[in-house]
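Below you'll find the structure, written out as structure tokens, and then a few comments.
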Number of protein chains: 2
Amino acid sequence: MTPEVFKRAIQQLSKLPGVGEKTASRLVFFILKTDPSYVKNLCSSLLSLREKLKLCEECFSLSETNLCVICKNPSRDKSLLCVIETPQDLVAIEKSRKFSGIYHILHGRLSPLDGITPNKIKIDELLVRLKRGAIREVILALNPNMEGETTALYLSKLIKPRGIKITHLAQGIPMGSDLEYIDEVTMGRAITHRIEL
Amino acid sequence: MTPEVFKRAIQQLSKLPGVGEKTASRLVFFILKTDPSYVKNLCSSLLSLREKLKLCEECFSLSETNLCVICKNPSRDKSLLCVIETPQDLVAIEKSRKFSGIYHILHGRLSPLDGITPNKIKIDELLVRLKRGAIREVILALNPNMEGETTALYLSKLIKPRGIKITHLAQGIPMGSDLEYIDEVTMGRAITHRIEL
């Protein structure tokens, strides 16, 4: 019924996360109606994304060069290291504009049940960086869930003997939320770590 | 902060309908993690979509050849013509598997306020097809809203003098809906056109 190129485009688009067959067909009709240069620009940008992006040799964030923009920046505080799970987390922290240190991206979190043991994520690489001695404080900015907290605990045991200060992100009530709907663990932590005005 | 290729990909993806900056960044990270062959297949399918797809000379549906699969199919009833607004509508009707005739795609509907006058959509082309005399019935499957119904009325006035049977899609309660939430116009039509069991 529908042309082959049409079906193929829908099939490929449906592989994207959150895109089902219906959304894919909507995207296809959009692409057919829009300026032909758009699809060329889109594709060239996606292809160069895969070709040009690599991991920073130092912090393992996404970079077009061997050292990423943050590691190369002389005004970043090289003694303050923030350990995160994914490049997405880096984007979220950078958007806050409150962090002036450098990062270390683990590319995952410990999850023995899924076969993710310490050697599967960038923990050895973190220890090598710490051994160089320039780092004064490590912020463990892992996700606030079982696996994230397990990873944080594991890392803190490895880092503590080196005499480096270890911190983690403050937990509490998020901005714009409704106290009525806050889960009990978050509420408990918000009360325990309440701040004096 | 983020690499240029990364920003560019997000910018291009954000132009897709229903894709904001957040979804775009999720897609970018998906593309970065997935098999590199995927992005190549995706792009080749999107590019060939724009290059190869044209409009069928007969019914103006999307086709890779001068005549579309439906117009070329000898088992379709060439005396039953369904007039629709967009290629998307064709997909919806074909999925029902209840229509064995051929189509005519107007590529729009009359909307004088938006400057869409009869000469902007494929009405002349429809009249040329009707003149050839093979068509016995025209189903006006336009959208059930002001502009769709105006277009249907306009077409029916043009077609009626030719002695061709004109029908439109039945209107009523959609499957799986809740009577409580049916709007009054739909309910009224469902009552007026009630069917004897």
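In what follows, chains carry the letters A, B, and so on, assigned in the order in which the sequence lines appear, proteins first and then strands, with residues in each chain numbered from 1. From a predicted model like this one, the values you see are computed outputs, not experimental measurements.
No more than 12 heavy-atom neighbours from other residues, nucleotides or ligands sit within 6.0 angstrom of CD on A:Glu21. Within a 6.0 Å radius of NZ in B:Lys78, more than 12 heavy atoms belonging to other residues, nucleotides or ligands are found. More than 12 heavy atoms of other shown residues, nucleotides or ligands fall within 6.0 angstrom of atom NZ in A:Lys72.
Heavy-atom minimum distance, B:Val39 versus A:Arg50: CG1-CG, 3.6 Å. Contact detail for B:Glu64 and A:Val5: the closest heavy-atom pair is OE2-N, 3.4 Å. Closest non-hydrogen pair, B:Tyr38 versus A:Gln12, comes out as OH-O, 2.7 Å. When all heavy atoms are compared, the tightest approach of A:Ser45 to B:Ala9 is OG-CA, 3.7 Å. Nearest approach of B:Ile31 to A:Leu49, heavy atoms of both residues: CG2-CD2, 4.0 Å. Contact between A:Ser44 and B:Arg8 at its shortest, heavy atoms only, is OG-NH2, 2.7 Å.
When each of B:Lys52, B:Gln11, B:Arg26 is scored by its heavy-atom pairs under 4.5 Å with chain A, the top score falls to B:Arg26. For chain B, the option among A:Val28, A:Thr65, A:Asn41, A:Leu32 with the highest count of heavy-atom pairs below 4.5 Å is A:Leu32.
Only the backbone of A:Ser63 has a heavy atom closer than 4.5 Å to any heavy atom of chain B. A:Phe6 touches chain B through backbone and side chain together, each having a heavy atom under 4.5 Å away.
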May I have the step-by-step check of side chain to side chain contact (heavy atoms under 4.5 Å, CB included) for A:Leu62 and B:Phe29, ending in yes or no?
-> CA-CA 10 Å; A:Leu62 301 171; B:Phe29 283 116; 3.5 Å; yes
Passes side chain to side chain contact (heavy atoms under 4.5 Å, CB included), A:Cys43 versus B:Leu46? Steps please.
-> CA-CA 8 Å; A:Cys43 288; B:Leu46 295 184; 4.3 Å; yes
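Taking Ile, Leu, Val, Met, Phe, Trp and Tyr as members and joining any whose side-chain heavy atoms lie under 4.5 Å apart, directly or through other members, B:Val128 forms no hydrophobic cluster with any other residue.
Against chain B, no residue from residues 160-179 of chain A qualifies, as none has a non-hydrogen atom under 4.5 angstrom away.
Linking Ile, Leu, Val, Met, Phe, Trp and Tyr residues whenever their side-chain heavy atoms come within less than 4.5 Å places B:Ile182 and B:Ile191 in a single cluster.
You'll find the side chain of B:Leu53 reaches within 4.5 Å of the side chain of A:Pro3, heavy atoms only. In this structure the side chain of B:Pro17 reaches within 4.5 angstrom of the side chain of A:Leu27, judged on heavy atoms.
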